[in-house]
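What follows is a short report on a single structure.
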Number of protein chains: 2
Amino acid sequence: MESPKPSTEELILEAAQAVFLEKGLAGARMQEIADRAGINKALLHYYFRSKEKLSELIITRAVGALLPRVLAVLETDQDLFAKIRQVAGEYVTFVSRNSFMPLFIINEVNRNPQFFLKASVQHEKARIDTFRRQVEEAVAQGRIRPISSAQLLMNLMSLVMFPFLGKPIFQMALGLSDADFKREMESRRTEVAEFVIRAIQA
Amino acid sequence: MESPKPSTEELILEAAQAVFLEKGLAGARMQEIADRAGINKALLHYYFRSKEKLSELIITRAVGALLPRVLAVLETDQDLFAKIRQVAGEYVTFVSRNSFMPLFIINEVNRNPQFFLKASVQHEKARIDTFRRQVEEAVAQGRIRPISSAQLLMNLMSLVMFPFLGKPIFQMALGLSDADFKREMESRRTEVAEFVIRAIQA
DNA sequence: GTCTATATTCCGATAGAC
DNA sequence: GTCTATCGGAATATAGAC
């Protein structure tokens, strides 16, 4: 056993994350968070003064959980193609267990863009630049076809992230059950990388 | 001149669309819609009984404006590569003038997926199937590399749609001003198609 | 059709007992 | 720390005059 009975604070944070991610910031209700945590509203405000403060915590947690996971791979000293293969795998694995997170983050980032200009995220820029230089080098050496590093990065991120955001659309459009969709995502874990590599290899 | 003075109803719908798309369903305020339409709340309820009913209208309008635009290309009798080239162009052009729409639709579709199972969208499935058969034929004839039509469709849609959703992230990560970003999107209008085509051509 | 004024509901936040 | 009860404001919705 490894359940050292979660503290009330942890219960709240877990409940808050679930509700904020499902309903969005504006749609989330303090009452529902309290209910899911098994406490009442008053206690919620005792721990975290306001909905505003609580939501800031959750946003920071969510961004901190998702972005570094995708970006960490970018600055390792691996071969370019190996990196591309690993990013897809990492991301798909993580999102399969946190299905609401991509949409939540995309929303918050769009509604409050300057939140990104500071703090932890700025630090990630170094990792990105490492990757971009690697791409530009490969292009200069003729190892891959000419492509701007910005465009390649956008392509890779798009292929990895979007299918989870558009899940209901794709399920409808392609006639996929939940199980079918899961299978398609599984196969994307490798197919995305191969798709990108074929597009860029000289 | 071609401004036959918009009716109050049109003014409301236009204002409602703007507010809902910017703030999201839960975040939108009837007061703000009334203000932007140049009327008051009471009149809003006179035309559309409730926020609920008004929002349903806006959702239907938005979905009807965006999805057919992307899908229309899929069932023409064009060459496969030509279709791919055209989808990217169509979409980028439209979204440039309706920048909040993709995020809004993605949100609504995720919060209320069964909204899609009925009505107009079901009809689009024929177009999609036309495209899928065309892909499968090309694979069978060895004209393109083996790829499932589902994966190819996801890839194309992802590359076309996601950069607009992730705009703030990309601007931060790549150090792009608004003008820079616009330029990158312009060049994607052709680059996305070439990227996809290189990835699949035999 | 359009307005002002008001009712009603909902929700975040606080007071105060235990 | 945790609860019950309640306040105060905000947002949706309606009443009723013009």
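Throughout, a chain's letter reflects where its sequence line sits, starting with A, and its residues are numbered from 1.
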Task: Integer-rounded Å distance: D/dG1 P and A/E9 CD - done: 9 Å
- [ ] Rounded off to whole Å, could you give me the CD-to-P distance for the A/E10 and D/dG1 pair?
- [x] 13 Å
Task: Touch class at under 4.0 angstrom, heavy-atom based, for A/A28 against every strand present - done: sugar-phosphate
- [ ] Could you please name the option among C/dA13, C/dT2, D/dT12 that lies closest to any side-chain atom of B/K41?
- [x] D/dT12
Task: side-chain N/O A/T8 vs D/dT2 OP1/OP2, d < 4.0 Å - done: yes
Open item on the list: Looking only at the side chain of A/Y47 (C-beta and beyond, no hydrogens), which of the listed nucleotides D/dG1, C/dG12, D/dT14 gets closest?
Closed with: D/dG1
- [ ] Calculate the interatomic distance between B/L43 atom CG and D/dC18 atom P; express it in whole Å.
- [x] 18 Å
TODO: Please state how far atom CE in A/M30 lies from atom P in D/dA10, giving the value in whole angstrom units.
DONE: 17 Å
Task: Whole-Å gap separating P (C/dT9) and CD (A/Q31) - done: 18 Å
Task: Other residues, nucleotides, ligands: >12 heavy atoms within 6.0 Å of A/E136 CD - done: yes
Open item on the list: Quick one, A/L103 with B/I106, criterion side-chain contact (heavy atoms from CB on, under 4.5 Å). Give me CA distance, side-chain angles, the key distance, then yes/no.
Closed with: CA-CA 8 Å; A/L103 184 58; B/I106 289 292; 3.6 Å; yes
TODO: Could you tell me the separation between the NZ atom of B/K51 and the P atom of D/dA10, rounded to a whole number of Å?
DONE: 16 Å
Open item on the list: Out of the candidates A/R183, A/R189, A/K182, only one should pair with A/E186 under the salt bridge (Lys or Arg N to Asp or Glu O under 4.0 Å) rule; please name it.
Closed with: A/R189
Open item on the list: Rounded to whole Å, please give me the gap between CG in A/L44 and P in C/dT14.
Closed with: 13 Å
Open item on the list: Is A/N40 close enough to D/dT2 that one of its side-chain N or O atoms is under 4.0 Å from OP1 or OP2 there?
Closed with: no
Open item on the list: Can you tell me which nucleotide in C/dC3, C/dG12, C/dA13 comes closest to the side chain of A/S50?
Closed with: C/dA13
Open item on the list: Taking the minimum atom-to-atom distance to the side chain of A/A42, which one of D/dA11, D/dT4, C/dA13 wins?
Closed with: D/dT4
Open item on the list: Is it the case that atom CZ in B/R198 sees more than 12 heavy atoms from other parts of the structure closer than 6.0 Å?
Closed with: yes
TODO: Would you confirm whether B/D180, through its side chain, and B/S177, through its main-chain N or O, come within 3.5 Å as a donor-acceptor pair?
DONE: yes
Open item on the list: As a test of reading the structure: which of D/dT2, C/dT2, C/dT4 is closest to the side chain of B/Y46, going by heavy atoms?
Closed with: C/dT2
Open item on the list: Rounding to an integer number of Å, can you tell me how far B/L25 CG sits from D/dA11 P?
Closed with: 16 Å
Open item on the list: Is B/R49 close enough to D/dT14 that one of its side-chain N or O atoms is under 4.0 Å from OP1 or OP2 there?
Closed with: yes
- [ ] Return no unless some side-chain N or O of B/H45 is found under 4.0 Å from OP1 or OP2 of D/dA13.
- [x] yes
